[in-house]
Amino acid sequence: YPTWKRTLSRRAREAQMKRFCKAQAIQRRLEEIEVTFRELEQQGIKLEKLLRDEEGSPANQKTQWMNQLLYLVQKKNSLMSEESDLMISVQELKLEEQQWQLDQKLRCYMNKEESLKTPEDHAAEQEILVQLLEVVNKRNVLIHIQEEKRLSEL
């Protein structure tokens, strides 16, 4: 078994583990965001009730509650933006995995000697190339969306 094949295999496993760890981290963060959303929602409900029920409260108290409410809305918007980024990252990871699998299939066909390939092998190789191109284009679209989002936030 040539050294370069072992190296490629090891790097592929490392990349797969890296994607898996990243997916786990994203999942944990999404769960944290969900919990924070619920907490912010409860705080917002309390502040809204205070603002509506307290007619005799001093103006500066109402202003303080209003500022707290606006802060909660800002924090929620920030979390929604982060959640959106994470969902894009999840899509990107799925596409990376799909691309890796297609690469592996393509390598099998390309490593086969040309004289031993059947017409079905050639057709399958072409189909894999088409699928690979589609995945690369989808990843490019995601990167473009992320870049547009980043520029709009600036």
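Quick note: residue numbers are just sequence positions, from 1. FYI, side chains are in, hydrogens and waters are out, and symmetry mates aren't considered; it's all heavy atoms of this structure.
- Side-chain N or O atoms of K149 include one that pairs as donor or acceptor with a backbone N or O of S81 at under 3.5 Å.
- For K46, the NZ atom is loosely surrounded, since the number of other residues' heavy atoms within 6.0 Å does not exceed 12.
- Enclosure of atom CZ in R11 is not indicated, since only 12 or fewer non-hydrogen atoms of other residues, nucleotides or ligands lie within 6.0 angstrom.
- Under a 4.0 Å N-O distance rule, the pair R29/E82 qualifies as a salt bridge.
- Annotation for K117: atom NZ counts as buried by contact number, over 12 foreign heavy atoms lying within 6.0 Å.
- L129 and L133 sit in two unconnected hydrophobic clusters of ILVMFWY residues. Membership requires side-chain heavy atoms under 4.5 Å apart, directly or through other members.
- Side-chain heavy atoms closer than 4.5 Å link hydrophobic residues (I, L, V, M, F, W, Y) into clusters, and following such links, even through other members, never connects L95 to L93.
- Linking ILVMFWY residues whenever their side-chain heavy atoms come closer than 4.5 Å, directly or via other members, leaves W100 and L8 in distinct clusters.
- Between atom CD1 of residue I26 and atom CD of residue E92 there is a gap of 9.0 Å, rounded to the nearest 0.5 Å.
- Under the 4.5 Å side-chain heavy-atom criterion for Ile, Leu, Val, Met, Phe, Trp and Tyr, V136 and V141 are members of distinct hydrophobic clusters.
- Looking at M110, E120, K112 one by one, the single match for side chain to side chain contact (heavy atoms under 4.5 Å, CB included) with E125 turns out to be M110.
- Note that NZ of K75 and CZ of F37 are 11.0 Å apart. Values are rounded to the nearest 0.5 Å.
- Residues in residues 95-104 take part in these salt bridge (Lys or Arg N to Asp or Glu O under 4.0 Å) pairs, two or more places apart or across chains: R19-E97, E96-R139.
- Within the 4.5 Å cutoff, no side-chain heavy atoms of Q27 are placed close to those of V90.
- Side chain of N140 to backbone of N137: no donor-acceptor contact under 3.5 angstrom is found.
- Clustering of Ile, Leu, Val, Met, Phe, Trp and Tyr side chains at separations under 4.5 Å leaves I45 isolated, with no partner residue.
- Remark: E14 does not engage K18 in a salt bridge, criterion side-chain N to carboxylate O under 4.0 Å.
- How far CG of L86 is from CG of L30: 5.0 Å, rounded to the nearest 0.5 Å.
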### Message
Walk me through whether H144 and E148 qualify under side-chain hydrogen bond (donor to acceptor under 3.5 Å, both in side chains).
### Response
CA-CA 6 Å; H144 184 70; E148 281 184 354; 2.8 Å; yes

### Message
Run Q146 and D85 through side-chain contact (heavy atoms from CB on, under 4.5 Å) and show every step you take.
### Response
CA-CA 8 Å; Q146 284 178 319; D85 290 342; 5.7 Å; no

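- We find the CD-CD distance between E34 and E83 to be 7.0 Å, quoted to the nearest 0.5 Å.
- Around the CD atom of Q74, the shell of radius 6.0 Å holds no more than 12 heavy atoms that belong to other residues, nucleotides or ligands.
- Between the S9 side chain and the K5 main chain, no donor and acceptor come within less than 3.5 Å of each other.
- In this structure, CD on E134 lies 9.0 Å from CD on Q98, to the nearest 0.5 angstrom.
- To the nearest 0.5 Å, atom CG of residue L51 and atom CD of residue Q64 are 10.5 Å apart.
- Cluster annotation: M66 and L50 are assigned to the same hydrophobic cluster (Ile/Leu/Val/Met/Phe/Trp/Tyr, side-chain heavy-atom contacts under 4.5 Å, transitive).
- The two residues L40 and L79 have their closest heavy-atom pair at CD1-CD1, 3.7 Å.
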